[in-house]
Amino acid sequence: MSVVLVVNSGSSSFKYQLIDMAGERVLASGLVERIGEPQGRARHTVHVHADPGEPTPAVESATSEIGRRIPDHTAGFQAMLDAFAAHGPSLEAHPPTAVGHRVVHGGARFFAATPIDDLVETGIDELSVLAPLHNPGALQGIRAARRSFADIEHVAVFDTAFHQSMPPEAYTYALDRDLAERHRIRRYGFHGTSHKFVSEAAAAHVGRPLGELRQIVFHLGNGASVTAIDGGRSIDTSMGFTPLEGLVMGTRTGDLDPAILLHLQRRAGLGVDDLDRVLNKESGLVGLAGANDMRDLVSRRAEGDERARLALDVYLHRLRSYAGAYMAQLGGVDVISFTAGVGENTPLVRAGALDRLGFAGVRVDPERNEGAPRGEIVRISSDDSDVTVLVVPTDEEIEIARQTLAACS
Ligand code: ADP
């Protein structure tokens, strides 16, 4: 039996899932948060499966909350082990064979899931320059987990790795070459684990080999990106040097004329930290309409709210631009998929992103789109559509577990 523990660690919290890879069933999941604060918190949920063959949990048992100080990640892992001991499942009965760690930035160095040794740890540490908000937290989790689970393999799974297949013309900015090289400025792309999972699930769903398909995947969550995938390989993606570029997001601008930053520095007196905050936290849907939850925006728009209307129009305009651009880069498209919080739940966004592509044989069926059941792969294109349009629930933890297992064998 192989069981993988998946860990997604930030600087003051980590999430985990224990996954039985036979049937890819989640046995338990949890969250340890407020590490280093006076009152830490741990939540542990045991997933009970009615039928051993069912991939999704039939019943989730009660969740337990543990309130006490958790000084560091090592203590956090101890809290997790205590929760397993108290509530199950028993780690003796389901011993993890490997731990898979989500790491945001693998730079140009890590192009696949990588077993972790001290050298890899150092590599992740060096890449903190490129991901100062993410890699240090992942590293704390890795170090603590390697202490808590000293006898099993640990694997780093990078958000950027899937996009390392992009050709130079897609990842190179037209910036002074020496300057760019010195500072490692290029497009890296993010959400790679999700784009990979969704494109593979979509190929399996349509019953065609991944290698034959031209796909576009829209990952629309609070953060959002779209990827052009040719034969299973990412050839272009909307996020770039950082996760700020590309689509309009919950709180991020996406694409912006870079001269605006110079103008705001010169004319509005904004410093580097101000700009960082404005671009990453106060823009996007929040900046345009004061809310980043798509449910709010859709209902406000239906009530005639002009700010919500404009915000959605800008959001959809950007989606259409990328859909067209990626069809051009791929030389056509066979499958378009929507995933993540907005993509899986908002028919209006899916329809709006593709509504001008009838000329290219993309036809969304309004009833299928509106009535798409949640939590499963659904085809929303009409029977006469040349292009298959799908809603595909993403599962980054399962993908991390799969890659972890593959990297260990
Ligand atoms: P992230 O992982 O980037 O935080 P998610 O993929 O969980 O994001 O997506 C979160 C967003 O999805 C929310 O901000 C909200 O706009 C949207 N969302 C979540 N559930 C729904 C829903 N039922 N209907 C419409 N939008 C939803």
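Counting starts at 1 for both ligands and their atoms, following the listed order.
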Go through ligand 1 atom by atom and flag the ones less than 4.0 Å from a non-hydrogen atom of [X].
X: T346; result: 25 (C), 26 (N)
X: G223; result: 3 (O)
X: V342; result: 12 (O), 16 (O), 17 (C)
X: A340; result: 6 (O)

- Query: Does the distance from a Lys or Arg side-chain N to an Asp or Glu carboxylate O, for R307 and D305, drop under 4.0 Å?
  - Reply: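 Judged by the 4.0 Å cut-off on N to carboxylate O distance, R307 and D305 do not form a salt bridge.
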- Message: Could you check whether D296 pairs with R301 (Lys NZ or Arg NE/NH1/NH2 to Asp/Glu carboxylate O, under 4.0 Å)?
- Response: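 Here D296 does not pair with R301 in a salt bridge, since their nearest N and O are not under 4.0 Å apart.
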- Task: Validate the cation-pi geometry between R186 and Y171: distance from NZ or CZ to the six-membered ring centre under 6.0 Å, angle to the ring axis within 45°.
- Result: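 Yes, cation above the ring, under 6.0 Å and within 45°.
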- Task: Report the relative orientation of the aromatic rings in F158 and F110; use parallel for angles under 30°, tilted for 30 to 60°, perpendicular for over 60°.
- Result: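 Ring orientation of F158 relative to F110: parallel.
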- Query: Which class fits the ring pair H105 and Y188: parallel under 30°, tilted 30 to 60°, perpendicular over 60°?
  - Reply: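 It falls in the perpendicular class, over 60°.
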Protein contact of [atom] - nearest heavy atom, named by residue and atom, plus distance:
atom: atom 14 (O) of ligand 1; result: N292 O, 3.6 Å
atom: atom 13 (C) of ligand 1; result: D293 OD2, 4.4 Å
atom: atom 4 (O) of ligand 1; result: N222 CB, 3.6 Å
atom: atom 27 (C) of ligand 1; result: G341 O, 3.5 Å
atom: atom 19 (C) of ligand 1; result: R295 NH2, 3.6 Å
atom: atom 22 (C) of ligand 1; result: N345 CB, 3.3 Å
atom: atom 16 (O) of ligand 1; result: M294 N, 2.8 Å

- Assess the pair F77 and F14: is the distance between their ring centroids shorter than 6.0 Å?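 Yes, the ring centres sit under 6.0 Å apart.
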- Task: Return yes when at least one protein heavy atom is under 4.0 Å from atom 7 (O) of ligand 1, and no when none is.
- Result: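 No; the ligand atom in question lacks any protein heavy-atom contact below 4.0 Å.
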- Item | E370 side chain vs D365 backbone, donor-acceptor pair below 3.5 Å |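 No.
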- Query: With a 3.5 Å cut-off and no angle check, do the side chains of H219 and S225 form a donor-acceptor pair?
  - Reply: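 Their side chains do not contain a donor-acceptor pair, so the 3.5 Å distance test is not met.
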